Amino acid sequence: MTGADYLLPLRTKLRSMRTESFGADPAGARMERIRRSPHFVDGAFQNPVGARIRPSGSTVEFAKTYFQKEQRALRTPNGAVPVHSTTLADLAAPPVSGLRLTWMGHSSVLAEIDGRRVLFDPVWGERCSPFPFAGPKRLHPTPLSLAALGPVDVVVISHDHYDHLDLPTIRALAGTDTVFAVPLGVGAHLERWGVPAARMHELDWNETATVAGISLTATPARHFCGRGLRNGQHTLWASWVVAGPEHRIYHSGDTGYFPGFRDIGAEHGPFDATMIQIGAYSEYWPDIHMTPAEGMRAHLDLQGGRPHGVLLPIHWGTFNLAPHAWAEPGEWTKDASEEADQPVAFPRPGEPFEPAGILPVAPWWRALSPTLAHPWRLPGEQPGSGRGPAPAARGDLDLAGER
């Protein structure tokens with residue numbers, strides 16, 4: 001290091017140390033557009049309602065919970081996850097109903113809608129981390145390779161966290177002809193990784209792009225952004241509405257519960273299927289991720305307050321990102337679906353299904369988990385009783401349920 005190096009601002013030095021996986025900060029015309037957004041206030045994107053984006057509570061207590069041996073054992077499956085090895089034959093014939101969903105794990109979903117193929121939050125990497133040697137590692141393999149997936153009309157990204165925006169996956173897709181739909185500011189990462197600006201639609205909330213005859217609308221979510229230690233909240237996070245001539249679907253991305261789901265449903269719904277985040281929740285961050293009960297409430301809000309369509313649970317089963325048991329999101333969602341009389345699909349990763357057809361509903365996770373307590377039920381309550389605590393909009397949540 002030369003003497004002149006000491007004169008460089010700390011921010012410049014830190015930027016020079018950033019690996020490519022950290023992405024790029026918005027600048028120039030992109031940053032000017034961000035500043036004009038009505039959702040960018042006081043130098044940062046703001047949530048639709050207030051949200052604590054940093055963990056609350058005692059760090060010591062969190063560490064005790066997270067690293068306790070017995071709890072750690074519950075956070076991973078005790079055998080191989082039964083991945084459906086998706087084949088070309090599975091996806092070759094078009095869906096009979098015009099809509100087919102294939103959950104690839106976590107929040108990655110291939111949606112075949114009215115003759116078009118939309119890939120949400122594709123993560124094919126081994127770790128959701130900026131480093132190949134550290135960070136949460138996959139608990140099951142990808143159901144098929146990206147090359148075997150075939151052509152995709154549009155890739156939709158909900159936000160720039162590592163478990164939703166994956167460098168090796170984007171690099172692979174950058175070499176195809178696919179178009180990308182991303183929230184405002186996220187395009188800076190993609191451009192650094194080789195995606196031409198001409199193949200991107202970068203949207204603010206409530207903006208719509210049309211690709212191959214389907215519309216893609218970025219809708220509000222309650223979350224945050226960032227890929228580095230310095231988190232300026234200069235890239236937006238979003239949920240997404242995708243509408244074709246015959247079908248409508250919704251992908252929540254990551255979000256805490258908020259009343260805006262009702263507004264999204266009134267404006268764009270009802271939906272044939274929703275893909276709703278129901279995992280990685282905790283009492284330490286109740287505002288930015290939903291519990292399964294809140295996810296069910298969000299789905300019903302989106303459908304005008306009544307059971308309708310099919311809910312596909314996402315953001316669970318693939319990475320260990322929170323203190324709750326690995327199988328708990330599946331168990332809790334199953335209880336919530338029976339209580340609400342709402343159809344829910346529980347496919348194995350890679351298992352295609354049509355929301356209008358026979359749904360996969362077997363609780364496949366139970367073979368890989370000890371029997372779990374169901375503390376979210378009222379004492380003596382059985383699933384399907386129609387009774388039980390109403391899903392909380394927010395508040396103090398137990399690691400396994402609501403207080």
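All figures in this text were calculated on a predicted structure; none of them were measured in a lab.
- When only modelled atom types and interatomic distance are considered, Asn47 and His223 share no side-chain donor-acceptor pair under 3.5 Å.
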Exercise. Step by step, would you call Glu338 with Lys334 a salt bridge (charged side-chain N to carboxylate O under 4.0 Å, His left out)?
Worked result: CA-CA 6 Å; Glu338 293 172 356; Lys334 188 169 177 62; 3.8 Å; yes
Run the side-chain donor-acceptor check on residues 301-308: report pairs under 3.5 Å with partners two or more places apart or on a different chain.
{"unit_1": "Asp301", "atom_1": "OD2", "unit_2": "Tyr257", "atom_2": "OH", "d": "2.4"}
{"unit_1": "Gln303", "atom_1": "OE1", "unit_2": "Phe271", "atom_2": "N", "d": "2.8"}
{"unit_1": "Gln303", "atom_1": "NE2", "unit_2": "Phe271", "atom_2": "O", "d": "2.9"}
{"unit_1": "Gln303", "atom_1": "NE2", "unit_2": "His308", "atom_2": "O", "d": "3.0"}

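- With no hydrogens or angles considered, a side-chain donor-acceptor pair links Asp160 and His189 at under 3.5 Å.
- Classification of the His324-Tyr281 ring pair by plane angle, with boundaries at 30° and 60°, yields parallel.
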Determine all donor-acceptor pairs shorter than 3.5 Å in which one atom belongs to a side chain in residues 355-364; sequence neighbours excluded.
{"unit_1": "Trp364", "atom_1": "NE1", "unit_2": "Phe346", "atom_2": "O", "d": "3.4"}
{"unit_1": "Trp364", "atom_1": "NE1", "unit_2": "Pro347", "atom_2": "O", "d": "3.2"}

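- Under the 4.5 Å side-chain criterion, counting only non-hydrogen atoms from C-beta, Asn78 is in contact with Pro370.
- Among the candidates Ser37, Pro220, Pro183, the single residue satisfying the side-chain contact (heavy atoms from CB on, under 4.5 Å) test with Leu236 is Pro183.
- Between the side chains of His234 and Asp25, no donor N or O sits under 3.5 Å from an acceptor N or O.
- Taking the ring axis of Tyr162 as reference, the NZ or CZ atom of Arg227 stays within 45° of it and closer than 6.0 Å to the ring centre.
- Checking Thr219 against Thr217 by side-chain atom types alone, no donor-acceptor pair falls below 3.5 Å.
- Gln277 places a side-chain N or O within 3.5 Å of a backbone atom of Met290 that can act as its donor or acceptor partner.
- Side-chain contact, His106 with Asp121: no donor N or O sits under 3.5 Å from an acceptor N or O.
- The two residues Val344 and Ser337 make their nearest non-hydrogen contact at CG2-CB, 3.3 Å.
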For this session: May I have the step-by-step check of salt bridge (charged side-chain N to carboxylate O under 4.0 Å, His left out) for Glu202 and Arg33, ending in yes or no?
Result: CA-CA 10 Å; Glu202 201 166 344; Arg33 186 181 169 205; 5.2 Å; no
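- With hydrogens and angles left out, the side-chain atoms of Thr318 and His140 include a donor and acceptor closer than 3.5 Å.
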